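See below for the structure under consideration.
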Amino acid sequence: MEMSKINFSTSTDCDQRVQKLQQQVSVMRKEIKNLRQHADSAVREQRKSLAALQSVVASMKEDGLLKDVKADSLPTGRTVTSQALEKGVIQTAPIGFIESCFSSKNGTPRQPTICSLSRAVLKINKSIFNNPEHSLIGLDQYSHVWIIFVFHKNGHVSCKAKVKPPRLNGVKTGVFSTRTPHRPNAIGLTLAKLEIIKGDTVYLSGIDMIQGTPVLDIKPYIPDYDSPKGRRNQLDTEESANQDQAEPAAVVNDSEKKNTMKRDVLSGNLAIPKITVGLTEEEKYLTDNTHFESQITVLADKNASCDSEVDAIYQTPNEQKMLSALAEVKSYISQSGAFSEASVENTATQSYCATADPCKDEPNKCNEHVVYDEASNTTIASWVRASPVTSLEVRFTPHAERDLNAFEPQYQAELGKPVFRYLKSADEAKAAIKGVLSADPRSVYRRTRCRDQLFYFTLDTAHITCWFGEGFAEVLRIKAVDN
């Protein structure tokens, strides 16, 4: 009996050891697979770099830049640069480096609109211009600027044709249909608000760049050129221009016709045709030609009334239809006299709809896809606005609230208290934290594999600890960043 117990316990221990070894082997296989993928990508990058270097050397040989000549006869750097530009090979030099309220990638907004309270400072390098402040003259006339920068924290140079954007929650799509940092050329573009310019320094807000980001260029944002709302179809523009040119002549002809008809009416050479649709016999009799001379006498005495009569004659067919319809309604109402104001208005509306063509008069109303903003000129992927990753509710524990309220703005700094460098108050910091966390800054891997782990990020001089639940993010602790 005892021997059977011993054998059973020994077999159990062996099974546990075997399972443990199998788990370790499985983990090692995964690690080896990852290492192979990294090695393959490194080999591909080395081959690309070698091929690019060989093509540059070959092109320089073809251009005669690598011949055995004296040092004095070698081409200047400007000549080499101009020839490289023609081949699409450029050498970049940062005009400055961002000083941001985000010190690391963790927690940095993926788009500038996520946290409008984020701030940064950009100082133009003196190595670019002898007087860097001169390059910023006139930029203060714009409210927003484009910032072209380098994704310097990618970690590796390689990229893939398909990526997994966080908003798609792991679904792959083409790299050029996203704004992923991992691109063939690690160049980023963001739209920032220009707060103020002081000398050679630019103060920005609403940014999504981290500390030390190299900036390649600054361009002003001009809605007339950059927004599709300010752009018009060339054919539509030409048609409208032709109509503008044709309208003055038409107006002149109309006025001349009206004046001619006015003179004819005053001289008695033109009989005024009255609209008799829907009128009673007595009203028709008053408009008969036998009473035309008395009507002309009245019109001659009152020139203003003549203008109105001529205007009544010179009407478009649609206007005549509408007037005749209203006359019918008036006649019908006078006969019945038992309608309220609402019923009269409804009758007039129905009568106009029966005589007028709404699709001809107002073609926009018959268009099933009418849009009244700039979205009518642009289309975007559906997952950008209808993302499978929903917005999160952000909570603060009482302890985190106390920690945050202990921070002071830089202009009210007190000895021994934590101080913000970019943010102006605790309320502003709270709003910024909510903006960052509501967009769920976690990667797909952390969202699926590390649900129970704490999440850390820094905002200005505050180090924030939080965790994520179902549909919410809760801030647990906020402390000052250690210098």
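Computed from a predicted model, the values in this text were never measured in an experiment.
Residues Val475 and Arg395 are not in side-chain contact: their nearest non-hydrogen atoms beyond the backbone lie 4.5 Å or more apart. The side-chain heavy atoms of Arg167 and Arg110, taken from C-beta on, include no pair separated by under 4.5 Å. Using a 4.5 Å cut-off on side-chain heavy atoms (C-beta onward), Phe149 and Met209 make contact. A 4.5 Å side-chain heavy-atom check between Val163 and Lys172 finds every atom pair outside the cut-off. Considering only heavy atoms from C-beta on, Val419 stays 4.5 Å or farther from Pro409 through its side chain. Using a 4.5 Å heavy-atom threshold, the side chains of Cys466 and Leu437 count as touching.
Ion pairing between a basic and an acidic side chain is recognised when a charged N comes within 4.0 Å of a carboxylate O; Glu99 and Arg421 show such pairing. Between Arg119 and Glu428 there is a salt bridge, since a side-chain N of the basic residue sits under 4.0 Å from a carboxylate O of the acidic one.
With Lys105 contributing its side chain and Lys153 its backbone, the two residues share a donor-acceptor pair below 3.5 Å. Without hydrogens or angle criteria, Asp403 side chain to Lys479 main chain gives no donor-acceptor distance under 3.5 Å. Between the side chain of Thr213 and the backbone N or O of Ile210 there is at least one donor-acceptor pair closer than 3.5 Å.
The cationic group of Lys198 lies under 6.0 Å from the six-membered ring centre of Tyr203 and within 45° of the ring axis, placing it in a cation-pi geometry.
Residues passing the side chain to side chain contact (heavy atoms under 4.5 Å, CB included) test with Gln37, sequence neighbours excluded: Lys33, Asn34.
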| request: Using the side chain to side chain contact (heavy atoms under 4.5 Å, CB included) rule, take Leu204 and Leu194 through it: C-alpha gap first, then chi angles, then the decisive distance, then the call. | output: CA-CA 5 Å; Leu204 306 168; Leu194 179 59; 4.1 Å; yes
| task | Take Ile478 and Phe407 through the test side chain to side chain contact (heavy atoms under 4.5 Å, CB included) and record every step on the way to the result. | result | CA-CA 10 Å; Ile478 301 174; Phe407 281 79; 3.9 Å; yes
Counting only pairs under 3.5 Å, give me each side-chain donor-acceptor contact of residues 178-189, with atom names and distances, residues two or more places apart or in other chains.
unit_1	atom_1	unit_2	atom_2	d
Thr178	OG1	Val175	O	2.9
Thr178	OG1	Thr180	N	3.4
Arg179	NH1	Gln111	OE1	3.0
Thr180	OG1	His182	N	3.3
Arg183	NH1	Thr178	O	3.1
Arg183	NH1	Thr180	O	3.0

Which pairs would a plain distance check flag for residues 449-459, meaning a side-chain donor or acceptor within less than 3.5 Å of a matching protein atom at least two apart in sequence or in another chain?
unit_1	atom_1	unit_2	atom_2	d
Arg451	NE	Arg447	O	3.3
Thr458	OG1	Ser103	OG	2.4

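Considering every non-hydrogen atom in both Leu191 and His144, the closest pair reads CD1-CB, 4.0 Å.
Ring pair Trp467/Phe472 is perpendicular by interplanar angle, where above 60° counts as perpendicular and below 30° as parallel.
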